[in-house]
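A short worksheet on the structure shown next.
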Amino acid sequence: MNAQALYGTIGFFLFRYQIMIPLKYFLLLHALLLLFGNMPVWASDSEINFDYQPGKGLQIPGTGLNFGGYADFGIQNDRQHPTSISINNLSIFLHWDNDGKVRVFSELDLENALAWESANGVTTNHAYLGLERLYADYLYSEKLNLRAGKFLTPIGRWNVIHAAPLVWTTSRPLVTERSFPTNATGGMAYGTIPIWNSAIDYSIYAAMTQDWRSDPKLDPFEEAYGFHLTLPTSHLGEIGVSYANFEQKSSIGDRKNLVGIDYFWSKNRYEISSEGVYRRSENAAYRDTKGIFIQGVAPISQSWYGIGRYEFYDNGDPGAAMNLWLGGVAKRVSPAMIFKAEFSHADNNRIKAPEGFFTSLAILF
């Protein structure tokens, strides 16, 4: 067994059985792995040449392993919270592929690792080591593949590509995280099915087990079933449809039905994207939740872009629904690095959604 395989095995059991280790030992383990990753656990005279490309990770020849991830640094001047400068995310990807039918992927996300707050100074009180993803794929064919483990819930488009270097804004649209749990632990079937002169991408999933290492800030699935379909509208755009029926841990016995639609179009560096959801509770005591966002991106220069977004969100509480407007810019420093700055304003913000001035620098490595 080599060092990378040993590390992956240890990591799986730590998080599968929710064994906590101090942060300093976690960081030490990563440092040792990066320093001695090319050395087998057992002595060997063979030399391994690493292949690293920014944004595509570190490939280790002969092992099928690839290390990657991203980091996100930001400044937040949120009207709801003290001004802060922080490391928002430090995510590590570990991917194993045997060049055959089996593939394994994991993502560990160290959230809010270090921050300076105007009210509290330097703090690590908000740090949390999350298990974002840990799953195995069986790649049967283009039409049918199977996945088991913890994965991103395939509702809409934003949630499955939400990593900071891959999206245009620092803040996230409300409907993409407040209407449903963003992760599911269970099984999924997915693939692409030819139809007429086009093809439909599909995901069908079920979450029937306890969520692995749930983020304490989130309300995970207790049980869930759902699907997502994506159909091209032309060679430039696509439309998606989502459905989910689920219970959450904090409200067992209250089943919810969610219907969603998403749209994406791009041409000559212009983009339009939108997502809308409607969630109805089977318990008459709970009101319906609904929302939508529409976002546009336009090039300003070779590397600068302007971004505008409108959001409507109604979480079912009495009173007027919330409207949020966002305007900002982004600079694509390189294919693996993006700088963002934005300002957002909302009315009827009773849910205390992020509102104010935000900047961030995200790096895919």
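All residue numbers refer to positions in the sequence shown, counting from 1.
No side-chain donor-acceptor contact under 3.5 Å links Ser118 and Thr83. Using modelled atom types, one finds a donor on one side chain and an acceptor on the other under 3.5 Å when comparing Tyr278 with Asp288. Side-chain atoms of Thr192 and Asp201 include a donor-acceptor pair closer than 3.5 Å. Using modelled atom types and a 3.5 Å distance limit, the side chains of Asn159 and Thr176 yield no donor-acceptor pair. Tyr190 and Asp137 share a side-chain donor-acceptor pair at under 3.5 Å. Side chains of Asp219 and Ser250: a donor-acceptor N/O pair is present below 3.5 angstrom, by distance only.
Geometric assessment of Arg332 against the ring of Tyr305 yields a negative cation-pi assignment under the 6.0 Å and 45° thresholds. The side-chain tip of Arg133 does not point at the ring of Phe151 from less than 6.0 angstrom away and within 45° of straight on.
When Arg309, Lys340, Glu271 are each tested for a side chain to side chain contact (heavy atoms under 4.5 Å, CB included) with Trp168, only one passes: Glu271.
Cluster annotation: Val277 and Tyr243 are assigned to distinct hydrophobic clusters (Ile/Leu/Val/Met/Phe/Trp/Tyr, side-chain heavy-atom contacts under 4.5 Å, transitive). Placement of Phe264 and Leu236 in two distinct hydrophobic clusters is found when ILVMFWY residues are connected by side-chain heavy-atom separations under 4.5 Å, directly or transitively.
The shortest non-hydrogen separation linking Pro154 to Val160 is CA-CG1, 3.9 Å. Minimum heavy-atom separation, Thr169 to Ile307: CG2-CG2, 3.8 Å. Of all the heavy atoms in Ser91 and Glu107, the pair that sits closest is OG-OE2, 3.2 Å. What you find for Val175 and Glu275 is that their closest heavy atoms are CG2-O, 4.0 Å. For the residue pair Pro354 and Leu324, the shortest heavy atom distance occurs at O-CD1, 3.9 Å. Taking both residues in full, the closest heavy atoms of Asn348 and Met322 are given as O-CB, 3.8 Å, listed atom of the first, atom of the second, then distance.
With ring centers used as reference points, Phe227 lies 6.0 Å or more from Tyr205. Annotation: Tyr225 is not in aromatic contact with Phe246 [ring centroid separation under 6.0 Å not met].
Trp96 contributes a side-chain N or O that, together with a main-chain N or O of Thr63, makes up a donor-acceptor pair within less than 3.5 Å. Between the side chain of Asn183 and the backbone N or O of Glu132 there is at least one donor-acceptor pair closer than 3.5 Å. Side-chain atoms of Thr124 never come within 3.5 Å of backbone atoms of Ala127 as a donor-acceptor pair (strictly under, hydrogens ignored). A side-chain donor-acceptor contact under 3.5 Å links Thr153 to the backbone of Pro181.
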**Request:** Kindly indicate, with the supporting measurements, whether the criterion salt bridge (Lys or Arg N to Asp or Glu O under 4.0 Å) is fulfilled by Glu222 and Arg255.
**Result:** CA-CA 10 Å; Glu222 179 67 19; Arg255 296 203 70 85; over 6 Å; no
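With salt bridges taken as basic N to acidic carboxylate O contacts below 4.0 Å, none links Asp317 and Arg350.
A perpendicular orientation is assigned to the rings of Phe339 and Trp304, their planes being inclined by more than 60° (bins at 30° and 60°).
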